[in-house]
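Letters A, B, ... are given to chains in the order of the sequence lines, protein chains preceding strands, and every chain is numbered from 1. Only a predicted model underlies this, so the values are computations on that prediction, with no experimental measurement involved.
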Number of protein chains: 2
Amino acid sequence: METGRTLMDVVKERCEHCSGRSLSICNAIDDEDLPALVAESSRISVPSGRSFIEEGAPAHDFYVLTSGRAKLFNLMPDGRRQIVGFAELGDFLGLAASETYAFTAEALGDATLCRFPHSSIDRLIERFPRLRCRLQEEASSELVSLQARLMLLGRKTAKERLASFLVEQARPCCRVGGEAGAERPLTLSLPMSRTDIADYLGLTIETVSRTFGHFKKEGLITVKGASSVTLLSFKELSNIANGVR
Amino acid sequence: METGRTLMDVVKERCEHCSGRSLSICNAIDDEDLPALVAESSRISVPSGRSFIEEGAPAHDFYVLTSGRAKLFNLMPDGRRQIVGFAELGDFLGLAASETYAFTAEALGDATLCRFPHSSIDRLIERFPRLRCRLQEEASSELVSLQARLMLLGRKTAKERLASFLVEQARPCCRVGGEAGAERPLTLSLPMSRTDIADYLGLTIETVSRTFGHFKKEGLITVKGASSVTLLSFKELSNIANGVR
DNA sequence: AAAATGTATTGACATAGATCAAAAATTTTA
DNA sequence: TAAAATTTTTGATCTATGTCAATACATTTT
C-alpha cells in the first residue's frame with residue numbers, strides 16, 4: 001500500500017461504495033472496524049478471461065469477488081471440463097482447497113477482488129469472532145449448493161438442468177429487469193458462453209441450445225442475442241427444475 | 001447421562017477404545033481434555049436402515065460416526081435419488097445445512113455416533129481454538145471431494161465412475177486385506193447395495209452390474225458374493241478413474 | 001459498411017446408457 | 001436344508017443426448 005494515504009482513505013475508496021459490502025463476509029464487520037479488514041487485504045483487478053486461482057497451486061489466499069463474475073472449473077487430462085460454480089458479487093472463494101487449490105477461477109468479463117491471505121483471516125477471526133460464524137455459514141451454504149448440483153448432474157434431465165440453471169441465475173444481482181418471485185417477466189444477463197453453460201450442466205452446447213429452443217417454443221422464455229434471457233414463467237421453470245409434473 | 005458414573009468413566013468407555021478417535025475432529029483435543037468433549041456430546045446407536053438425519057428437519061446437531069457406515073442422500077418428488085456421500089469411521093456430518101439439514105443420513109448396517117449440539121461445538125471451539133481449524137479443514141476437504149464428484153457426475157463415463165468409486169473405497173478403513181498403493185490385490189467390503197452404488201454414481205443398477213462385468217472380464221477385479229470386491233490392479237483402475245488413456 | 005472471425009443454432013445420424021423383461025445368484029425365513 | 005424373498009446379472013430393445021457437419025447469427029476488425 002503506498003504511503004501518503006491513510007488507511008481511512010483506502011477504506012473510503014475501497015469499501016464505502018463497494019456493492020459487495022453487505023453481501024460478503026465483510027458484513028460481519030462493523031463500519032468502524034473496516035480499517036482492520038482493509039489492512040489485512042489487498043485489492044486486485046482481473047481482466048476478462050484471466051485466471052486468478054489455479055488448480056494445484058499452493059492455496060495461500062481467500063478472495064471476495066467485489067465486481068464482475070467468475071467461473072470456477074476443473075479439467076481432466078483430455079480436456080473434459082466441469083464448471084463447479086459461477087461466482088458473483090460478494091462470493092467468497094478459496095474454501096475448496098487443502099494445501100493446494102482444487103479448482104481454477106477465471107474472470108467472466110473484467111472483475112475485481114479483495115485478497116485475504118489465510119493468516120490474515122486467522123487474525124481477523126481472533127479479533128472479530130462473528131467472522132468465524134460468517135465463514136462457517138459460507139462453507140455450509142456452499143456445501144448445500146454443491147449437494148444440489150450433485151442431484152442435478154446425477155439425476156436430472158437436460159430440461160430440468162437448464163431450468164435449474166435459469167432459476168438459479170434469477171437472483172437479484174443477475175437481474176436486469178423484473179421483480180422477485182412475482183409472475184412477471186424477469187430478464188437475466190448471462191455473461192457465460194453456451195460452452196460454459198454446457199460444462200456447468202454436464203451437457204453439450206448443442207443440447208443446451210436445443211433446450212433453450214424448447215423453452216422458447218413452449219413460451220417459457222424469450223432470448224435476445226444469446227446473452228439476454230427473459231423468464232416469462234418463473235414458477236413453471238421452477239417446477240420443471242424440481243421435477244414437479 | 002446417568003449419575004453414579006463419573007465423567008472420567010464415560011470418557012474411558014466412550015473414547016478410550018473409540019477407533020474414530022484419531023480420525024475425527026476429536027484428534028484436535030488432547031487426552032486430558034476429553035472430559036470436556038464428552039460432557040458436550042451424547043452417544044447414539046442407530047440400527048441398520050434407520051435414518052438419524054432427515055432432510056428438511058431443523059439442523060441442531062453435528063455428528064461424528066464412530067462405528068459402522070452411513071449413506072447420505074437427497075430425493076426428488078418422484079423418487080429419484082442421489083446419494084451425496086458415504087460416511088465412514090470418524091466422518092463429521094451435518095455441515096451441509098443452514099436452518100435445516102440438506103440431506104438424509106441412514107445407517108448402512110448398525111452404526112454408532114457421537115452427537116454434538118451446535119451450541120456445544122461453539123463452546124468447545126472457544127475453549128479449544130485448534131478445533132476451529134480442524135472443522136475448517138473438515139469443511140474444506142468435504143468441498144474438495146464434492147467438486148471431484150461434480151466432475152464424476154458431469155463428465156465421466158460409466159467405467160470411469162465405477163473405477164473412481166472403487167479407488168475411493170480403497171481407503172484404510174474399508175480394506176479387508178491388502179496393502180496401500182502397492183500393486184497387489186486389495187479386497188474391499190462394500191456394505192452398500194448395487195442400487196446405492198448406482199444412486200451414488202448417477203447410473204442404473206444394470207449399468208453398474210455390467211460395468212463390474214467388464215472389469216471382471218478385463219482382469220481388473222474379482223467379485224465374491226456382490227459385497228466383496230478385490231482390486232487386482234489398483235494402478236490401472238486409478239488410471240481409468242482419472243481418464244488417463 | 002463490408003469482411004472476417006467467432007459463437008450459436010439446426011439437422012442428420014450414432015451411441016452410451018436407460019428401460020423392460022427374464023434368469024440366475026444370493027440371502028432370509030421357516 | 002428347502003422354500004421364499006430379495007438382489008444381482010444378463011439379454012433385447014429403446015431413447016435422450018452426444019457427435020459430426022452445415023448454416024446462421026453476432027461481434028469485431030478493417
Side-chain angles (χ1 to χ4, degrees), chain A residues 47-49 71 76 78-83 108-109 152-166 188-218 221-229 240 243, chain B residues 47-49 71 76 78-82 108-110 152-166 188-218 221-229 240 243:
Chain A
S48 185
K71 58 185 175 193
M76 285 179 69
D78 61 3
R80 275 176 286 176
R81 191 175 67 147
Q82 178 64 47
I83 292 189
L108 271 171
L152 182 147
L153 293 173
R155 290 304 184 206
K156 290 188 182 179
T157 65
K159 281 187 184 180
E160 289 166 352
R161 293 180 198 205
L162 188 62
S164 301
F165 170 74
L166 291 174
L188 311 177
S189 133
L190 303 177
M192 63 294 281
S193 68
R194 291 288 186 267
T195 302
D196 288 338
I197 297 174
D199 285 345
Y200 183 65
L201 299 178
L203 300 170
T204 59
I205 52 172
E206 291 94 336
T207 298
V208 169
S209 186
R210 278 186 253 266
T211 308
F212 268 117
H214 289 141
F215 288 167
K216 270 191 272 189
K217 197 150 51 186
E218 289 163 25
I221 62 170
T222 57
V223 177
K224 198 138 211 290
S227 82
S228 169
V229 176
I240 294 172
Chain B
S48 185
K71 58 185 176 193
M76 286 180 69
D78 61 3
R80 274 176 285 176
R81 191 175 68 148
Q82 178 64 46
L108 272 171
D110 298 341
L152 182 146
L153 293 173
R155 290 303 185 208
K156 290 189 182 180
T157 65
K159 282 187 186 183
E160 289 165 352
R161 292 180 199 205
L162 188 62
S164 302
F165 169 74
L166 291 173
L188 311 178
S189 131
L190 303 178
M192 64 292 282
S193 68
R194 291 290 186 266
T195 301
D196 288 338
I197 296 174
D199 285 346
Y200 182 65
L201 299 178
L203 300 170
T204 58
I205 51 172
E206 292 93 335
T207 298
V208 169
S209 185
R210 278 186 253 268
T211 308
F212 268 116
H214 288 141
F215 288 166
K216 270 191 272 188
K217 196 149 54 185
E218 289 163 25
I221 63 170
T222 57
V223 178
K224 198 136 210 289
S227 81
S228 169
V229 176
I240 294 173

Could you check how far [atom1] of [X] sits from [atom2] of [N], rounded to whole Å?
| X | N | atom1 | atom2 | result |
| --- | --- | --- | --- | --- |
| B/Lys156 | C/dG17 | NZ | P | 13 Å |
| A/Phe212 | C/dA8 | CZ | P | 10 Å |
| B/Asp78 | C/dT19 | CG | C1' | 15 Å |
| B/Arg210 | C/dG17 | CZ | C1' | 8 Å |
| B/Arg155 | C/dG17 | CZ | P | 13 Å |
| B/Arg80 | C/dA18 | CZ | P | 13 Å |

Going by the rule salt bridge (charged side-chain N to carboxylate O under 4.0 Å, His left out), which residues pair with [X] if we only count those two or more places apart in sequence or in a different chain?
| X | result |
| --- | --- |
| A/Lys156 | none |
| A/Glu218 | A/Lys159 |
| B/Glu160 | A/Arg80 |
| A/Arg194 | none |

Exercise. Looking at side-chain heavy atoms only, is the closest gap between A/Val223 and A/Phe215 below 4.5 Å?
Worked result: no
Discussion item. With heavy-atom distances below 4.5 Å as the criterion, would you say the side chains of B/Leu153 and B/Gln82 are in contact?
Written reply: yes
A/Thr207 meets the side chain to side chain donor-acceptor pair (under 3.5 Å) criterion, sequence neighbours left out, with A/Thr204
Protein-nucleotides 27-30 of chain C N/O pairs closer than 3.5 Å?
none

Of A/Thr157 and A/Glu206, the one whose closest nucleotide on DNA chain D sits nearer the 5' end is A/Thr157
query = If you take atom types as modelled and just measure distance, does the side chain of B/Arg161 reach the base of C/dG17 with a donor-acceptor pair under 3.5 Å?
reply = no
Across all chains, not counting sequence neighbours, the ring pair (Phe, Tyr, Trp, His ring centres under 6.0 Å) partners of A/Phe165 are A/Tyr200
To the nearest 0.5 Å, atom CG of B/Leu166 lies from atom CG of B/Leu188 at 6.5 Å
For B/Ile197 and B/Met192 the tightest heavy-atom approach is CG1-CG, 3.6 Å
Nearest heavy-atom approach of A/Leu162 to A/Phe212 is CD2-N, 3.7 Å
Under a 4.0 Å heavy-atom cutoff, the residues of residues 192-204 of chain B touching DNA chain D are B/Ser193, B/Arg194
With sequence neighbours left out, the residues meeting side-chain contact (heavy atoms from CB on, under 4.5 Å) with A/Thr195 are A/Arg81, A/Ser193, A/Asp199, A/Ile205
A/Ser227 meets the side-chain contact (heavy atoms from CB on, under 4.5 Å) criterion, sequence neighbours left out, with none
Using OP1 and OP2 only, check whether a side-chain N or O of A/Ser209 sits under 4.0 Å from C/dT9.
yes
Contacted region of DNA chain D by chain B, from 5' end to 3' end of the hits, cut-off under 4.0 Å to heavy atoms, spans D/dT8 to D/dA12
One would report the end-axis bend of the helix from C/dA1-D/dT30 to C/dA30-D/dT1, five pairs per end and rounded to 10 degrees, as 50°
